[in-house]
Participant: 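Please read through the structure below; I'll follow up with questions.
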Amino acid sequence: MYVQKLDLFSVLCCFLLSMLSGQQVVVVRGRVLVANSNSHPSKLFVFGDSYSDTGNTDKTQSAWEYPYGITFPGKPAGRFSSGRVLTDFFAKSIGLKRTPITYRQRNETSLLTYGMNFAYGGTDLESSMTLVTLAGNDYSTYIVRNGSAQGWKPCITAVVNQLAINLRRIHGMGVKKIVVNALQPLGCAPSNTAKSSFQQCNETENSLVVFHNLLLQQAVTKLNSEAKDSNPFVILDLYDSFLSVIKNKGGTHFENPLKPCCFGISSKYNCGSVDENGAKKYTVCEDPESAFFWDGVHPTQAGWTAVYSVLRSTDLQH
Ligand SMILES: *[C@@H]1O[C@H](CO)[C@@H](O)[C@H](O)[C@H]1NC(C)=O
Ligand SMILES: *[C@@H]1O[C@H](CO)[C@@H](O)[C@H](O)[C@H]1NC(C)=O
Ligand SMILES: *[C@@H]1O[C@H](CO)[C@@H](O)[C@H](O)[C@H]1NC(C)=O
């Protein structure tokens, strides 16, 4: 999976190189978004994972199964949520009329009107803290391969170093604005808080995320200082925005923000799981918009709305 994605990444780099001419917005794998700095960008390219995928995965994935998509578009359509996801909110906030089409939906006439979404949800998303990003995938691989506590920091350092190399490459292709997310607090994901009946975030995991985000901040500061143009790299802070909503500082209405709307009836099952007879092995809350988290990993549309209202204050122009 990971190797496949890297290959895809190389292909996309060539593709972008041929398509970009300065007025576009690009988004990069691991939820890196790229936008034009001066004027209203006309296009958005997204390279990410299930937090930003709007329908690239194949139809065997949970995002294409009921109850995904029940809030928007009203049926499963490849988004890992009850409804709209980060890409939809981001596209709207930079003034695009539409979310860019997915790579999967591309055709000659619709190609690149608003950019394109290459984000791809992983196959093992529901299973662990791996969730979504470039980093999420790399970290889940690490847990499987090694998982020793003292190995974490070297692993995180290697991931961020590689991310910085990729960011520099994208900027080198002529992209004017590159927005990369700080990791969300993985220790607060329902898949990790189920053990505490969704009462407590895992602070050990969050402290590793904080370390990742610190290195990312340092890398971005360095990249900006080396760039000839003014601060092309911007961090979209999913860590503070998620925590602010979860801790209810934003005055949001989620009763228990750590409790997901849709969850497997036991740890063997996930949202959307059915057994061999087609019997449901999950429960769904009555009103998805009353929950922050949709499944073990992903926010609901209401969750993303709340996160985005905190993020809106993020200055993408600086
Ligand atoms: C191309 O894609 C657009 C948007 O998904 C769709 O409206 C249109 O019908 C498609 N055209 C063809 C020729 O498939
Ligand atoms: C796991 O990581 C530790 C610390 O980096 C290292 O010493 C050890 O050899 C690794 N083990 C495996 C099986 O890779
Ligand atoms: C928190 O996460 C760490 C690392 O994954 C794990 O070893 C630990 O058991 C978790 N703590 C709780 C209370 O779940």
Side-chain angles (χ1 to χ4, degrees), residues 1-2 5 30-31 48-51 62 80 121-163 181-218 237-249 254-271 273 281-283 285 291-300 303 307:
M1 173 56 61
Y2 180 54
K5 283 202 205 164
R31 290 184 274 128
D49 41 40
S50 64
Y51 268 30
S62 60
F80 289 84
T123 51
D124 54 353
L125 278 170
E126 260 53 62
S127 59
S128 65
M129 69 172 279
T130 86
L131 335 191
V132 277
T133 60
L134 167 66
N137 286 319
D138 289 353
Y139 296 151
S140 67
T141 306
Y142 174 76
I143 291 171
V144 172
R145 295 240 182 95
N146 186 323
S148 77
Q150 72 274 29
W152 266 118
K153 292 203 168 176
C155 170
I156 292 169
T157 306
V159 167
V160 174
N161 287 346
Q162 185 59 47
L163 182 55
N181 70 288
L183 273 182
Q184 68 282 7
L186 297 173
C188 299
S191 56
N192 290 326
T193 62
K195 277 174 273 178
S196 72
S197 306
F198 312 115
Q199 293 306 305
Q200 268 173 1
C201 299
N202 183 317
E203 297 306 334
T204 310
E205 285 169 356
N206 281 355
S207 69
L208 292 169
V209 170
V210 166
F211 181 66
H212 168 99
N213 289 341
L214 175 69
L215 295 188
L216 179 66
Q217 178 66 63
Q218 289 168 352
D237 192 349
L238 294 188
Y239 191 86
D240 279 354
S241 53
F242 268 55
L243 274 192
S244 145
V245 174
I246 286 169
K247 297 200 165 149
N248 205 14
K249 281 189 222 139
F254 304 113
E255 206 175 298
N256 174 5
L258 297 182
K259 189 172 177 208
C261 172
C262 183
F263 214 64
I265 57 168
S266 78
S267 58
K268 275 202 310 210
Y269 300 107
N270 299 309
C271 175
S273 294
K281 293 293 175 188
Y282 60 91
T283 57
C285 64
F292 175 73
F293 279 110
W294 167 244
D295 60 14
V297 171
H298 307 98
T300 58
V307 165

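Whatever order the structure lists ligands and atoms in, that order sets their numbers, starting from 1.
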Participant: Just wondering, more than 12 heavy atoms not from Q200 lying within 6.0 Å of its CD?
Facilitator: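 No, CD of Q200 has 12 or fewer neighbouring heavy atoms, counting only those of other groups under 6.0 Å.
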Participant: Please identify which atoms of ligand 3 are closer than 4.0 Å to at least one heavy atom of K195.
Facilitator: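 Contacts of ligand 3 toward K195, numbered from 1: 14 (O).
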Participant: Would you check if F242 and F292 make a side-chain contact, meaning some heavy-atom pair closer than 4.5 Å?
Facilitator: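 Touching, per the 4.5 Å side-chain cut-off.
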Participant: Locate the shortest heavy-atom distance separating S241 from V307; write the atom from each residue and the value.
Facilitator: OG-CG1, 3.6 Å
Participant: Pull out every atom of ligand 3 sitting under 4.0 Å from any heavy atom of N202, numbered as shown with elements.
Facilitator: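 In order of number, 1 (C), 2 (O), 3 (C), 8 (C), 10 (C), 11 (N), 12 (C), 14 (O).
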Participant: Just distances here: any N/O of N192 and N/O of ligand 3 closer than 3.5 Å?
Facilitator: no
Participant: Taking L186's backbone N and O only, do any of them form a donor-acceptor pair with N192's side chain (distance below 3.5 Å, no angle check)?
Facilitator: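 Present.
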